Amino acid sequence: MKILKPFWILLGFIALGLGVAGIPLPLLPTTPFLLLAAICFAKGSSRLDAWFKETKIYKNHLENFVENRAMTLKTKLSILIPASIMLLCAFLGMCKKDTMGTRIGRITVLILIAIKYVYFFTCIKTIKEVKEEADK
């Protein structure tokens, strides 16, 4: 539907902005927002999709994942660590009352953390970071 195209484009730019902001900010994950931006641009505009795939941001942060289902260790950790911190905050927030519901919540959070790490290190290949050589 053509009516949704502006929505996807707007959401794509919001995700792109958050992804770019996440590059220098340690608690804001870059890769998930850039993946969302790629999906939104693909749904919203073929021109924006082509433009985004030619940007340095896409090539540095997403190209290996999209083409090879692989990430550098640095990229994996930049996703896993902030997400784990957020989940641990939820875990600690549930420690104030000791009820059956909070026990189930804490167990669920720990299971989510474990699943996340198992998935990232068994289903997504880890590749070495490629250093771009300076032009001579």
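Nothing here was measured: the structure is a model prediction, and the numbers come from that model.
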Chemist: Using a strict threshold of under 4.0 Å (side-chain N to carboxylate O), is an ion pair present between Lys59 and Glu54?
Modeler: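 Judged by the 4.0 Å cut-off on N to carboxylate O distance, Glu54 and Lys59 do form a salt bridge.
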Chemist: Mind listing the closest non-hydrogen atom pair of Ala15 and Ala37 along with its distance?
Modeler: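 Between these two residues, the closest heavy atoms are CB-N, 3.7 Å.
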Chemist: List in chain and number order the residues that pass salt bridge (charged side-chain N to carboxylate O under 4.0 Å, His left out) with Glu67, two or more places apart in sequence or in another chain; answer none if no residue qualifies.
Modeler: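 Here no residue qualifies.
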Chemist: Please find the pair of heavy atoms, one from Ala38 and one from Asp49, that lie closest to each other, and give the distance.
Modeler: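 Shortest heavy-atom contact: O-OD1, 4.0 Å.
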Chemist: Who pairs with Leu10 by side chain to side chain contact (heavy atoms under 4.5 Å, CB included), at least two apart in sequence or on another chain?
Modeler: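 Testing Leu10 for side chain to side chain contact (heavy atoms under 4.5 Å, CB included), a comparison that skips the adjacent residues, returns Ile14.
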Chemist: Kindly work out whether a path of hydrophobic side-chain contacts (I/L/V/M/F/W/Y, heavy atoms less than 4.5 Å apart) joins Phe120 to Leu35.
Modeler: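 Same cluster: Phe120 reaches Leu35 through Ile, Leu, Val, Met, Phe, Trp or Tyr contacts under 4.5 Å.
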Chemist: Quick one: CG on Leu11 to NZ on Lys43, what's the gap to the nearest 0.5 Å?
Modeler: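 Spacing of CG (Leu11) from NZ (Lys43) equals 10.5 Å.
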Chemist: Phe33 and Leu16: side-chain contact (heavy atoms from CB on, under 4.5 Å), yes or no, with the steps?
Modeler: CA-CA 6 Å; Phe33 286 118; Leu16 177 60; over 6 Å; no
Chemist: Residues in side chain to side chain contact (heavy atoms under 4.5 Å, CB included) with Ala70, at least two apart?
Modeler: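 Ala70 satisfies side chain to side chain contact (heavy atoms under 4.5 Å, CB included) with Asn68, Lys125, Ile127 only.
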Chemist: Only counting residues at least two apart or in another chain, list the ones meeting side-chain hydrogen bond (donor to acceptor under 3.5 Å, both in side chains) with Arg47.
Modeler: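 Arg47 satisfies side-chain hydrogen bond (donor to acceptor under 3.5 Å, both in side chains) with no residue once adjacent residues are dropped.
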Chemist: Nearest 0.5 Å please: distance from the NZ atom of Lys5 over to the SG atom of Cys40.
Modeler: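 It comes to 13.5 Å.
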Chemist: Taking side chain to side chain contact (heavy atoms under 4.5 Å, CB included) as the definition, give me every residue that meets it alongside Pro32, ordered by chain and number, with sequence neighbours left out.
Modeler: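 Testing Pro32 for side chain to side chain contact (heavy atoms under 4.5 Å, CB included), a comparison that skips the adjacent residues, returns Pro29, Ile79.
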Chemist: Return a table of donor-acceptor pairs under 3.5 angstrom between the side chains of residues 83-98 and protein atoms on other chains or two or more places apart.
Modeler:
| unit_1 | atom_1 | unit_2 | atom_2 | d |
| --- | --- | --- | --- | --- |
| Ser84 | OG | Leu80 | O | 2.8 |
| Ser84 | OG | Lys116 | NZ | 2.5 |
| Ser84 | OG | Tyr117 | OH | 3.0 |
| Asp98 | OD1 | Arg103 | NE | 3.1 |
| Asp98 | OD1 | Arg106 | NH2 | 3.3 |

Chemist: Does Thr102 have any side-chain hydrogen bond (donor to acceptor under 3.5 Å, both in side chains) partners at least two apart in sequence or in another chain, and if so, which?
Modeler: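 Listed in chain order: Thr99.
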Chemist: Hydrophobic clustering (ILVMFWY, side-chain heavy atoms < 4.5 Å, transitive) - are Ile9 and Ile39 grouped together?
Modeler: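 Shared cluster, no.
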Chemist: In terms of hydrophobic clusters joined by side-chain contacts under 4.5 Å, are Leu18 and Leu36 together?
Modeler: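 As far as the 4.5 Å side-chain criterion goes, Leu36 and Leu18 are not connected within one cluster.
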Chemist: Mind checking side chain to side chain contact (heavy atoms under 4.5 Å, CB included) for Ala21 and listing every partner two or more places apart, or none if nothing turns up?
Modeler: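 Testing Ala21 for side chain to side chain contact (heavy atoms under 4.5 Å, CB included), a comparison that skips the adjacent residues, returns Leu25, Leu28.
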Chemist: What residue pairs, at least two apart or across chains, pass ring-ring contact (aromatic ring centres under 6.0 Å, His included) with a residue in residues 40-60?
Modeler: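 Sorted pair list: Phe13-Phe41, Phe41-Phe52, Phe52-Tyr58.
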Chemist: Sequence neighbours excluded, which residues qualify as side-chain hydrogen bond (donor to acceptor under 3.5 Å, both in side chains) partners of Thr126?
Modeler: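 For Thr126, the residues satisfying side-chain hydrogen bond (donor to acceptor under 3.5 Å, both in side chains) (neighbours in sequence not counted) are Lys76.
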Chemist: Kindly give the heavy-atom pair with the smallest separation between Thr30 and Gly19, and that separation in Å.
Modeler: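 The answer is CG2-O, 3.3 Å.
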Chemist: Report the hydrophobic cluster partners of Ile115, with the cluster defined as I, L, V, M, F, W, Y residues connected by side-chain heavy atoms closer than 4.5 angstrom, directly or transitively.
Modeler: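 Besides Ile115, the cluster holds Ile107, Ile111.
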Chemist: Would you say Phe65 and Thr31 make side-chain contact, with heavy atoms under 4.5 Å?
Modeler: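 Result no, sub-4.5 Å side-chain heavy-atom pair not found.
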Chemist: Can you name the side-chain hydrogen bond (donor to acceptor under 3.5 Å, both in side chains) partners of Thr75, sequence neighbours left out?
Modeler: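 Thr75 satisfies side-chain hydrogen bond (donor to acceptor under 3.5 Å, both in side chains) with Thr72 only.
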